[in-house]
Amino acid sequence: MPELPEVETVRRGLKELIVGKEIRSAEALESPKSFPNSHEDVAAFLVGASITDVRRRAKVLLIELSSEYTLVVHLKMTGQLVFVGASPLLSSQPQAAARKSLDAGPAVESAPSFEKSSREISSKAGAAPLDVTRLAVDDSTSPSFERERFGAGHPNDSLIGELPDKSTRVIIEFNDGSHLFFNDQRKFGWMKLYPSIEVPNIDFMKKVGPEPLEDDFTAEVLYERLQRRKNTTIKAAILDQTVLAGVGNIYADEGLWGARVHPAMRVKDVAKEQVIELWRELREVMLLAIEKGGSTDKNYVDAEGKRGSYMDFARAFRRDGQPCPRHPDVLIEKSKVAGRGTHTCPVCQMLY
DNA sequence: AAGGTTGTTGGTAT
DNA sequence: TATACCAACAACCT
């Protein structure tokens with residue numbers, strides 16, 4: 001479940017790899033929901049554009065384009081992005097005649113139509129279509145370590161296997177022959193093109209709370225923002241993206257365990273000192289996760305295809321039945337708070 | 001094999 | 001109007 005640290009890991013990795021690259025083609029497979037822009041908008045504002053920056057707000061990834069459009073990506077629960085570099089064996093392939101001038105800026109007055117969803121979005125006529133077979137054959141016959149590869153997001157085997165696979169929703173090909181795959185085994189995630197200037201006006205962007213890792217996000221800011229949800233549980237409050245940005249079920253449980261606060265406690269009953277502890281813990285656990293590569297310790301996949309271990313540093317999340325790290329003879333319990341699976345130590349985190 | 005899983009939206013209730 | 005709560009979404013996993 002990509003949360004802030006996982007999306008930040010995606011951002012950092014992709015920024016290194018795709019800034020400056022020009023898009024040769026983009027293809028949506030099978031699911032209009034995953035990429036609802038019209039064929040026309042894709043041809044006009046994505047194909048032929050180059051990547052100028054990769055940013056993040058909350059759990060949302062913002063891929064900035066030279067066309068003054070932004071590819072906005074939400075991985076939701078099972079989304080992931082995988083970059084696969086051009087095969088050295090194929091590096092001499094012809095650069096398709098995908099040159100396209102985008103001198104005139106896009107008309108920002110008219111937002112792209114998301115209602116019109118095309119079943120398949122392909123590159124403009126004349127650009128080389130992705131040869132799926134070739135890619136698959138290469139991956140099975142020549143060792144994958146020949147290619148630069150980076151993947152992050154939901155940690156499943158699509159990070160390391162042949163792509164595209166059955167979870168692939170969108171394929172973006174760059175002019176140098178490298179590819180970016182958007183995979184999502186469930187179909188909650190999406191990517192959409194917006195005029196860059198419109199991004200701040202997206203409903204989510206208007207109401208989302210402060211970035212917890214920014215310097216101006218002090219314990220005082222968290223305390224004050226929590227007051228708007230004083231009658232709900234502290235877990236529901238920190239999961240609320242309008243209170244603060246980026247916390248999901250994993251880091252909610254980890255942060256609350258760290259601060260020794262019971263998730264079901266009402267916000268109004270959480271002492272200010274506990275809020276300060278929670279502030280410290282949430283930031284620490286998310287920073288640690290970013291250091292570790294966002295819940296997986298191997299996002300850069302090597303030739304052996306080692307899969308990242310999942311949340312091996314969690315102290316409470318999905319550790320029910322295992323000892324609390326602070327109390328060797330007390331087991332982590334599982335319950336339901338805020339409609340979510342919740343993991344607590346019955347000794348550290350007491351409810352009143 | 002049916003129920004659990006989760007981020008966000010949107011509906012209903014208070 | 002604001003806040004609280006929960007079903008719905010999808011498809012794999014246990």
Side-chain angles (χ1 to χ4, degrees), chain A residues 1-8 10 28-36 56-61 72-81 114-115 117 152-159 161 165-170 182-192 202-209 212 224-256 263-270 282 286 289 294-296 307 310-311 314 316-321 333-343:
Chain A
M1 317 92 243
E3 301 180 25
L4 186 154
E6 290 78 14
V7 180
E8 178 62 16
V10 173
L29 310 174
E30 168 268 318
S31 173
K33 272 185 59 182
S34 301
F35 191 4
R56 178 189 60 75
R57 179 76 171 96
K59 302 171 191 171
V60 177
L61 194 72
V72 180
V73 185
H74 203 306
L75 301 175
K76 293 287 181 95
M77 271 114 50
T78 57
Q80 65 183 198
L81 287 167
F114 299 139
E115 294 73 31
S117 58
H154 183 59
N156 70 2
D157 286 340
S158 298
L159 286 177
D165 69 10
K166 65 180 176 187
S167 74
T168 301
R169 308 299 170 208
V170 181
F182 170 43
N183 303 325
D184 187 9
Q185 65 183 30
R186 294 154 84 177
K187 296 172 184 171
F188 288 5
W190 45 262
M191 50 173 59
K192 287 179 198 169
I202 298 171
D203 284 347
F204 178 83
M205 292 298 175
K206 284 196 286 194
K207 66 186 187 191
V208 69
E224 276 168 22
R225 295 191 70 84
L226 283 172
Q227 301 317 302
R228 62 166 66 192
R229 302 293 309 273
K230 54 183 159 45
N231 286 321
T232 192
T233 62
I234 185 69
K235 177 162 177 173
I238 62 175
L239 286 172
D240 183 342
Q241 300 297 298
T242 71
V243 171
L244 78 163
V247 177
N249 208 33
I250 297 172
Y251 299 99
D253 278 7
E254 289 299 297
L256 288 161
M265 190 175 273
R266 297 281 143 180
V267 172
K268 61 177 183 292
D269 298 326
V270 180
L282 281 171
M286 287 196 284
S295 298
T296 60
R307 184 175 163 179
Y310 184 65
M311 277 299 289
F317 186 75
R318 291 203 182 152
R319 293 191 75 250
D320 41 306
E333 294 178 346
K334 183 163 183 187
S335 61
K336 188 156 276 207
V337 178
R340 294 285 178 250
T342 297
H343 311 79

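Naming: A, B, ... by sequence-line order, numbering from 1 per chain. In this text the structure is predicted, and so the values were computed from the model without any measurement.
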**Q** How long is the line joining CG of A:Leu226 and P of C:dA4, in whole Å?
**A** 12 Å
**Q** Would you say A:Lys230 has more than 12 foreign heavy atoms packed within less than 6.0 Å of its NZ?
**A** no
**Q** On DNA chain C, compare the nucleotides closest to A:Arg340 and A:Gln185; which residue's is nearer the 5' end?
**A** A:Arg340
**Q** What contact category does A:Gly341 fall into here, base, sugar-phosphate, or nothing, at under 4.0 angstrom with non-hydrogen atoms?
**A** sugar-phosphate
**Q** Considering every strand and a 4.0 Å limit on heavy-atom distances, what is the contact class for A:Asn231: base, sugar-phosphate, or nothing?
**A** sugar-phosphate
**Q** Going from CD1 on A:Ile202 to NZ on A:Lys207, what distance comes out if it is rounded to the nearest 0.5 angstrom?
**A** 12.0 Å
**Q** If we check salt bridge (Lys or Arg N to Asp or Glu O under 4.0 Å) with A:Asp240, which of these qualifies: A:Arg229, A:Lys235, A:Arg228?
**A** A:Arg229
**Q** Does a nitrogen or oxygen in the side chain of A:His74 sit under 4.0 Å from OP1 or OP2 of B:dT8?
**A** yes
**Q** As a test of reading the structure: which of B:dG4, B:dT9, B:dG7 is closest to the side chain of A:Lys207, going by heavy atoms?
**A** B:dT9
**Q** Parallel under 30°, tilted from 30 to 60°, perpendicular over 60°: which one fits the rings of A:His74 and A:Trp190?
**A** tilted
**Q** With the side chain of A:Lys59 defined as its heavy atoms from C-beta on, choose the nearest nucleotide among B:dT8, B:dT5, C:dA4.
**A** B:dT8
**Q** To the nearest angstrom, how far is A:Lys76 atom NZ from C:dC9 atom P?
**A** 14 Å
**Q** Rounded to the nearest Å, what distance is computed from the CG atom of residue A:Leu75 to the P atom of nucleotide C:dA11?
**A** 17 Å
**Q** Could you please name the option among B:dG7, C:dA4, C:dC9 that lies closest to any side-chain atom of A:Thr232?
**A** C:dA4
**Q** Tell me whether the OP1 or OP2 atom of C:dA11 has a side-chain N or O from A:Lys187 closer than 4.0 Å.
**A** yes
**Q** Just how far, in rounded Å, is P of C:dA2 from CG of A:Asp240?
**A** 15 Å
**Q** Whole Å only: how far is the CD1 atom of A:Ile238 from the C1' atom of B:dG7?
**A** 15 Å
**Q** Taking the side chain of A:Phe204 as its heavy atoms from C-beta onward, which of C:dA4, B:dT8, C:dC9 lies nearest to it?
**A** B:dT8
**Q** Let's see if you can work this out: which of B:dT5, C:dA11, B:dT8 has an atom nearest to the side-chain heavy atoms of A:Lys336?
**A** B:dT5
**Q** Among A:Leu81, A:Asp184, A:Asn183, find the one that has a side chain to side chain contact (heavy atoms under 4.5 Å, CB included) with A:Leu75.
**A** A:Leu81
**Q** Answer yes or no for this row: A:Phe188 ring on C:dC9 base, centroids under 5.5 Å, planes under 30°.
**A** yes
